[in-house]
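Since the model is a prediction, treat every value here as computed from it, not as a measurement. In the text below, chain A, chain B and the rest are named by the order of the sequence lines, each starting its count at 1.
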Amino acid sequence: MNSQIIGSCRVQYQDAYAYDMNSQELWVLDRLKSCKTITQLKQIHAFLIKTSPLRLRAPQLIYPKLISLCTTSSSSFGANLTYFRSILTNLENPHVILYNNAIKALSSAQNSSFSLEAVALFREMLIKGLVPDNYTVPYVLKACAQSQALREGEQIHAHCIKTGMLLSIVYVKNTLMRLYAVCGFIKAVQKLFDGSPQRDLVSWTTLIQGYVKMGFLREGVAAFFEMCDSNLRADEMTLVIVLSASSKLGDLELGRKIHDYMRDNEVNSDIFVGNALVNMYLNCGDADFACKLFDEMPFRNVVSWNSMISGLAHQGKFKESLDVFRKMQNIGLKPDDVTLVGVLNSCANLGVLELGKWVHAYIDKNQIKADGYIGNALVDMYAKCGSIDQAFRVFQGMKSRDVYSYTAIIVGLAMHGEAEKALLIFSEMPIVGIEPDEVTFIGVLSACSHAGLVAEGQKYFEEMSSVYNLIPQTEHYGCMVDLLGRAGLINEAEEFIKNMPIEPDAFVWGALLGACRIHGKVELGESVMRKLLEVEPERDSAYILMSNIYSSSNKWRDALKLRKAMKGKNMKKTPGCSSIELDGVVHEFRKGDKSHSKSKEIYKLLEDIMSQLKNHGHLAQY
DNA sequence: CTAGGGTTAG
């Protein structure tokens, strides 16, 4: 192919004077069309330079092609960046459009050095006396937003104020808003929005998105309704963001309102909207309707499936989540890393090590990096499935670790009673420069609790606020009550609760009641149970714990009375559930549950085992 | 040749 082009270039060169310039240009354009690589392009370029009538036209002719080649094969783009620049920079009379296209190409590249290159081209334009137009500025601002180049963006912002573009061109204002939004400066976004004479749908959407991305969900939703009041009609893009906000808020009423808005305004449901709707209904608790919508979708992509897998898990329907994954496998859709994270999460919560291992093998086989989300999910899965050593190996093998990785392994080690190792890993965090957060401290405090390290636990609890500026939540107070209570320091635990700056909740009272159970404190237990029932009247855990306290103090009559009192009340049961995985299918078992298709056989076998145990002189312990 | 969209962790 190359030699063909060179060959025909040579022939053309020799016959150059036989053609007039137009036909030469046509010939070159024809060659450019079929040109596939930078090397071929360079050959044509060389020919153009050597052909004197075409010399001046050369850059203009090849430039658009160069841009399109670079953007379609971004991998070779980096290597040819110098070449790319040298042509443009040496142009004597470049048209603004050429620069615009170049900046556009650079702004859509992922690489952040390309974004800065786009800014450099923008500067070069100004130096050459070219006037950036209403296309140039949105492109270069997009490049800044891509790499969060705030400083550069601010300079362009200043340029836009000086030239008056900021006020006159809505595209400029919108891309500028977007830049500040991705940099997290929501106040700057709002200020630009407020100070602008014209606001179109994109301005509103950018504002809403800015709020939602920063986690200011209610503010984003409020902006949406404000937009509706101003008689602008939302389109698919706006609605996807508002639905995602409703989903994150778990606000079903709001979500339904948005859905109604879509029907009233005849917004058509493309795949993005469809996915957002499914996700919203799932996270807001209406899983049945979400499944119905999912089934009715005319097209589904990997995100649709991912939404189902992680959304069901979010609702605690881990088994169903894995069922969806199996269906996805059956139709032959390739999982991506988001899918795998969701699957690992469900495996972790069900304790299905086999499938978790399969995912790990899949990750290795497909050379997916076991860092970030994936690595953290693997650590968590192994830890929760009981393979703490394997969890630790994955943790150590990770190239980059963040606060989630550290927390996963610390909580995992604490759960497995390896308190010292957990605290050792925790002490590594300041050395590698990772700040622990609230969840990390749950792991640290529970490690201390399990190992009976009272003084250390108190020290860490104190450091939480004094060193790390974290405000302890009721969970942390619960851990401390547990720590003191387990160690038999019941009075100290009671005193600790009295001095809490926030209202104790079920975590805290539950921990104290647990301590009463361990240490057989019947009377205190009774008063703590009442407290627990006050803050959590709908659950049965207070009754269960208390009746255990009665039983272990041989107060059978009181225990029975409590169980009876419970029966009439239809309380939420704290589920005790176990599961096994067989040939890829997860089977769940709850206490007294007879829903399994082979339930009869299972119970029959259990009875056999029990009687065999009895025959061998073993007495069942309850 | 212009701007704004979904799913993922402890």
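Ring-to-base geometry places Tyr373(A) in a stacked arrangement with dT8(B) (centre distance under 5.5 Å, plane angle under 30°).
When the side-chain nitrogen and oxygen atoms of Arg178(A) are compared with OP1 and OP2 of dG4(B), one or more of them lie within a distance under 4.0 Å. Look at Thr339(A) and you won't find any side-chain N or O under 4.0 angstrom from OP1 or OP2 of dT7(B). Residue Asn283(A) places no side-chain N or O under 4.0 Å from the OP1 or OP2 atom of dT7(B).
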Side-chain donor-acceptor pairs under 3.5 Å in residues 470-478 of chain A, sequence neighbours left out?
unit_1: Gln473(A); atom_1: NE2; unit_2: Ile471(A); atom_2: O; d: 2.8
unit_1: Thr474(A); atom_1: OG1; unit_2: Asp505(A); atom_2: OD2; d: 3.0
unit_1: His476(A); atom_1: ND1; unit_2: Gln473(A); atom_2: N; d: 2.9
unit_1: His476(A); atom_1: NE2; unit_2: Glu438(A); atom_2: O; d: 2.8

Tabulate below the donor-acceptor pairs under 3.5 Å that side-chain atoms of residues 239-252 of chain A make, not counting sequence neighbours, or state none.
unit_1: Ser244(A); atom_1: OG; unit_2: Lys248(A); atom_2: NZ; d: 3.3
unit_1: Ser246(A); atom_1: OG; unit_2: Val242(A); atom_2: O; d: 2.8
unit_1: Ser247(A); atom_1: OG; unit_2: Asn279(A); atom_2: OD1; d: 3.0
unit_1: Ser247(A); atom_1: OG; unit_2: Asn283(A); atom_2: ND2; d: 2.8
unit_1: Asp251(A); atom_1: OD1; unit_2: Glu253(A); atom_2: N; d: 3.2
unit_1: Asp251(A); atom_1: OD1; unit_2: Leu254(A); atom_2: N; d: 3.0
unit_1: Asp251(A); atom_1: OD2; unit_2: Arg218(A); atom_2: NH1; d: 3.3
unit_1: Asp251(A); atom_1: OD2; unit_2: Arg218(A); atom_2: NH2; d: 3.2

Could you go through residues 210-217 of chain A and list every donor-acceptor pair under 3.5 Å that involves a side-chain atom there, pairing it with any protein atom two or more places apart or in another chain?
unit_1: Tyr211(A); atom_1: OH; unit_2: Gln190(A); atom_2: OE1; d: 2.6

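Contacts of Lys128(A) classified as side-chain hydrogen bond (donor to acceptor under 3.5 Å, both in side chains), with partners at least two apart in sequence or in another chain: Tyr99(A). For Asp200(A), the side-chain hydrogen bond (donor to acceptor under 3.5 Å, both in side chains) partners two or more places apart in sequence, or in a different chain, are Asn174(A), Ser203(A).
Residues from residues 401-418 of chain A with heavy atoms under 4.0 angstrom of DNA chain B, sorted by number: Asp402(A), Val403(A), Tyr404(A), Thr407(A).
Contact annotation: side chain of Asp235(A) to base of dG5(B), donor-acceptor pair absent below 3.5 Å.
A salt bridge is absent between Arg393(A) and Asp389(A): the closest approach of a Lys/Arg side-chain nitrogen to an acidic carboxylate oxygen does not fall below 4.0 angstrom.
Protein atom CD1 of Ile208(A) is 10 Å distant from nucleotide atom C1' of dG4(B), rounded to whole Å.
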